[in-house]
Amino acid sequence: MELPFNVANHLDKTLRAAASTLGLAERGFEPEIRVADPANGDFQANGALAFAKREKQNPRALGQQIVDQLGSLKAGFDITLAGPGFINFRIKPEALLTWLEVYDSEEHLQTGASSARAGQTWVVDYSSPNTAKQMHVGHLRSAVIGEAICRLLAFSGAKVIRDNHIGDWGTQFGKLIWAYKRHLDQAALGREPLVEFERLYKLGNQAAESDPAVLAEAQQELVRLQGGDADNLAIWKRINDVSLAAFQEIYDQFGIRFDYTLGESFYNDKVGRVYRELTDCGLAQESQGALVVFHPEHPRFKSQPFIIRKRDGAANYASSDLATILYRVEHFQVDGAAYVIDFRQSDHMDQLFLTAGKWFERTGRKLPQLEHVDFGTVLGEDNKPLKTRSGENIRLKDLLDEARERAYQLVSAKSPEFPEAERRAIAAVVGVASVQYADLSQNRSSDYVFSWDKMISLEGNTAAYLLYAVARIRSIFRRAGLDAAVPPVVGATAPATPQEIALARKLAKFPDAVQLATNTLRPHFLGLYLYELAGDYSTFYAADKVIVDDPAVRARRLLLCHRTLIILETGLHLLGLRTLERM
Ligand code: ARG
């Protein structure tokens, strides 16, 4: 009995075939395969009830008809019919064994993976901060969620293009360049350039506010920059280069490498075409000197237009985002684009997608799938957006420094015997992973409360708990003098004790968890699965001694340990976390 990689998909296919034999498929029968309550089975098919109701049939009898067609599944599953036609499938231990034997590495786990977007090309637009400023806690979620989504999509067979759509072109550069030319502190620039740029911007802004002559000068600087003045372009380029280098220091900690950094300035020479096309196809119109798009069918956007060119003739966020869609289609031939952006930009995204949809339709182009992967706010313990005590934004750099420091306390309390340097190295992984995982373990659409004590803890659904589970399995191999890369699992028999069986059943549900997280672009589904898996492993480990004399029992328990190890590691890597050998 060979169990396919994704059991749920296999059941879905088999039930569809059965339904088609019975002539039900044509009438719209859907299997509705779900993960079952473990007491009932591994998966259940719920489709008979709704179908029978619609067709005025007896659901139980219909369920039985379908079960009668499922002979090919009987070798691998115990199949039972429950209540009004629910079909329960419990994987047999022998079938679990074959599954565990085949999927023995991260690589082999990937070969089986698939998703609704397999084979497609997706741009993931994430992080995307504005330059000349430091990244702060408001920039955390897009980076962390975006990277997890990239990895999930790539794992499941999509071609992923990581694009950092930085805000590197805006009116702020007029004031900034004005101040740069007059007040630059070279020493400060050498020490912490982004701090210096922030100081300069504030200075320029204040000066412009209190003195109209300065404001006019700053506007002149902006005009010169936009007109291609060599000096101003050089300053602007320097500011952006320095900003990106500073961003990369943060990205390195999160394991992020962008394929492209095509920010707003890149689309500068591409917005003219957008104005022309949108005007020619009758979508855009002049309104009070600006170029705008109304959506008459929309309750709000019929009167609140999408401004695509400002009154002063300058491009804006909307024009560059429209040009970006066209570029991604023409240059990368994308099937889809995922925008990992704060929910507060929902109006912008809705207007962008609506506008692009009509634009593409009127010009006979195929619109790629456009997804706003939105997320909520990081809150402090007072339930307000997280800030420092004095009310300022918390710098991401400081946040990660503190995470490492706090993780160091945790690691030192747990393993005081490890050398200092090793404890520091472990803490660097645990600290950053804790911050990432606190974010990823929540449904991204909700706000979440940032709590150091909860996130840097060995208890609960935390990174430290999961990383420790990984390290603990590695130590079993180490202590037994075995290489975890080539575990001696030959001759393993099928899982037999209740704890072995429960663990094996959980392991075989990994593909389903990954697929769910990938299809919904919600990494927390995978996080929850890993947390539950670690729990099942603990229960198994507490009940069943691994290194026993009986070679068959020992081999099958080592097999369970090893497969738990690779699935935990694969899952954590998919979320963007690094894992540890010991902790
Ligand atoms: N730079 C923008 C901001 O800081 C985010 C850009 C997101 N990406 C996009 N294509 N609009 O709010």
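For this chain, numbers begin at 1 and follow the sequence in order. In each ligand, atom 1 is the first atom listed, and ligand 1 is the first ligand listed. The shown structure was predicted, so the numbers you read here are calculated from the model rather than taken from an experiment.
Partner Tyr448 forms a side chain to side chain donor-acceptor pair (under 3.5 Å) with one of Thr377, Asn443, Asp439 and no other, that one being Asp439.
The contact set between ligand 1 and Asn130, taken as ligand atoms under 4.0 Å from a residue heavy atom, comprises 1 (N), 2 (C), 3 (C), 4 (O). For ligand 1, the atoms sitting less than 4.0 Å from at least one non-hydrogen atom of Ile341 are 7 (C), 8 (N), 9 (C), 11 (N), numbered in the order shown with element in parentheses. Distances below 4.0 Å separate heavy atoms of Asp321 from the following atoms of ligand 1: 9 (C), 10 (N), 11 (N). Atoms of ligand 1 found under 4.0 Å from any heavy atom of Tyr339, numbered from 1 in the order shown, are 10 (N).
Annotation: ring pair (Phe, Tyr, Trp, His ring centres under 6.0 Å) contacts involving residues 147-167, sequence neighbours excluded, comprise His165-Tyr267.
Atom CD of Gln288 has 12 or fewer heavy atoms from other residues, nucleotides or ligands within 6.0 Å.
The proximity of Ile166 to ligand 1, defined as any non-hydrogen pair under 4.0 Å, does not occur for either the backbone or the side chain.
At least one heavy atom of Gln345 sits closer than 4.0 Å to an atom of ligand 1. Ligand 1 has at least one atom lying under 4.0 Å from a heavy atom of Asp125.
Between Phe301 and Phe306, the distance separating the two ring centers is not shorter than 6.0 angstrom.
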Check step by step if ring pair (Phe, Tyr, Trp, His ring centres under 6.0 Å) holds for Phe353 and His372.
CA-CA 9 Å; Phe353 294 173; His372 179 194; 7.1 Å; no
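Ring geometry, Phe332 versus Tyr327: the interplanar angle exceeds 60°, so the pair is classed perpendicular (tilted spans 30 to 60°).
Tyr437 places a side-chain N or O within donor-acceptor distance of the main-chain N or O of Gly527, the cut-off being under 3.5 Å.
Regarding atom 2 (C) of ligand 1, its nearest protein heavy-atom neighbour is Ser128 O, 3.5 Å. Of the protein's heavy atoms, Tyr317 OH, 3.2 Å lies nearest to atom 6 (C) of ligand 1.
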